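One-based numbering, in listed order, for ligands and for the atoms of each. Keep in mind that what you see is a predicted model, and the values were worked out from it rather than measured.
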Amino acid sequence: MELADKLALLAGAARYDASCASSGSSRGAGPGGIGASSPAGVCHSWTGDGRCVSLLKLLYSNACRNDCAYCASRSSADTRRASFSPEELVRITMAFYRRNYIEGLFLSSGIFSDPDIVMERLVEVARRLREEEGFGGYIHLKVIPGSSEKLLRRAGAYADRLSANIELPTQASLSRLAPQKSGTEILGAMRLMSEAEGESREESGRARGWRRAAPPPFAPGGQSTQLVVGASPEDDRTIVSLASSLYRRFGLRRVYYSAFLPVAPDPRLPPPAAPPLRREHRLYQADWLMRCYGYAAEEILGAAEPSLDAELDPKAAWALRNPGFFPVEVESAEYERLLRVPGLGITGARRIVAARRGSRLEAEDLGKMGIVMRRARWFLSLRGRRLGEELGPELLRPLLAEGGGAARPPSSQLELAFA
Ligand code: SF4
């Protein structure tokens with residue numbers, strides 16, 4: 001097969017993997033090298049359907065001996081198969097990079113052979129790029145669960161980010177839809193990455209203490225994973241709890257949620273339907289609350305709430321379930337309390353804390369700080385006086401509900417805009 005045909009085929013097959021935002025690394029090329037991993041704009045380019053395209057996203061091979069029901073490359077799929085060689089991938093990456101088409105490489109693969117052999121090929125591509133081409137751009141490698149610790153550590157020496165996709169929220173769903181995958185192996189790979197990251201941080205700290213050059217960090221952009229949403233019956237509470245546990249146990253930087261997109265009929269899958277983009281969007285919002293706003297998974301969805309509210313963002317939904325928490329006093333509330341006010345984000349809360357140190361705040365100052373007062377006023381007080389009428393949850397709900405439309409904003413925009 002011609003190289004251009006392979007490229008089209010294996011780039012097309014890679015586009016379903018959402019776990020590729022390139023944040024969290026600041027690697028640069030050494031003398032005589034080329035590229036840097038963190039110029040402006042690298043992390044935040046998205047296609048119209050929300051997929052990241054700032055990296056050259058490719059599969060090493062779409063040949064796979066596994067038969068995951070939701071995957072276009074599964075062994076039973078009637079599709080053309082192809083594989084790159086390391087030389088071809090290095091050549092393509094460098095050519096695209098030099099032409100300024102891309103800022104880095106995201107490389108995954110079907111399981112065309114033993115996990116160690118597949119992982120070894122991915123590592124070899126990264127090694128050649130770093131050591132032979134002096135490539136300082138971003139590299140995200142997919143970790144093949146079941147491959148050896150030695151290979152995984154080598155992958156972390158060359159890559160900025162690693163990811164092992166958990167794909168489905170429970171072992172029961174993995175067994176049904178991805179029978180050759182093992183939750184234990186996937187979690188085992190995450191644990192190894194987490195340990196290697198911790199050791200790398202400790203070594204860097206010791207080196208700094210001794211004023212020695214620090215060794216190259218292990219995958220400085222950390223690890224991420226992807227969960228397919230809607231292919232299996234688990235509810236949002238199960239997914240949010242799982243994400244929370246992955247952040248806590250393995251220090252993941254990001255969990256990505258990918259609305260299930262039927263690529264081919266399979267009796268193991270739900271009937272064909274539009275991808276659940278609204279649900280995916282709500283899960284990203286819930287995730288953001290856990291990572292950046294200090295919410296526990298159980299606060300976002302309690303035992304009586306299996307699903308995120310389709311009409312309310314999870315922060316507004318929590319506020320309506322907890323009227324006793326409000327109003328929050330602008331003059332004296334801690335930063336963490338301010339963050340719980342709908343319409344008030346990280347920037348707004350910081351601005352309030354900074355501004356009230358030096359002067360007496362007035363209600364009209366809040367709008368000028370970028371706070372969305374049409375949402376926030378129902379939940380704030382200033383020197384003991386509510387800024388909005390006291391309304392019960394039933395009356396507040398329509399005021400906070402979002403209009404129709406299931407389009408999801410790219411998650412990078414979401415992070416900037418969500419309050
Ligand atoms: S292991 Fe499963 S998800 Fe990965 S390429 Fe093979 S069939 Fe697809």
Task: Atom indices of ligand 1 within 4.0 angstrom of Ile111 heavy atoms, with elements - done: 1 (S)
Open item on the list: Taking CZ in Arg374 as the centre, count heavy atoms belonging to other residues, nucleotides or ligands within less than 6.0 Å. Is the count above 12?
Closed with: no
Open item on the list: Could you identify the single nearest non-hydrogen protein atom to atom 4 (Fe) of ligand 1 and state the distance to 0.1 Å?
Closed with: Lys181 NZ, 4.0 Å
Task: Per-atom contacts of ligand 1 with Gly110, taking only distances under 4.0 Å to non-hydrogen atoms - done: 5 (S)
TODO: Indicate whether the side chain of Asn165 and that of Tyr256 have a donor and an acceptor atom separated by less than 3.5 Å.
DONE: no
Open item on the list: Distance check below 2.8 Å: does Cys71 bring an N, O or S atom to atom 8 (Fe) of ligand 1?
Closed with: yes
TODO: Determine the interplanar angle of the Tyr295 and Tyr293 rings, folded into 0 to 90°, and report it as parallel if under 30°, tilted if 30 to 60°, perpendicular if over 60°.
DONE: tilted
Open item on the list: Between Asp236 and Arg279, does any side-chain N to carboxylate O distance fall below 4.0 Å?
Closed with: yes
Open item on the list: Would you say atom 2 (Fe) of ligand 1 has Cys64 as a near neighbour, meaning an N/O/S atom of that residue under 2.8 Å away?
Closed with: no
Open item on the list: Quick test: of every protein heavy atom, which one is nearest to atom 2 (Fe) of ligand 1, and how far off is it to 0.1 Å?
Closed with: Cys68 SG, 2.3 Å
- [ ] Apply the test ring pair (Phe, Tyr, Trp, His ring centres under 6.0 Å) to residues Phe260 and Tyr70: give CA-CA distance (whole Å), side-chain angles for both, the deciding distance (0.1 Å), then the verdict.
- [x] CA-CA 8 Å; Phe260 169 57; Tyr70 48 83; 7.5 Å; no
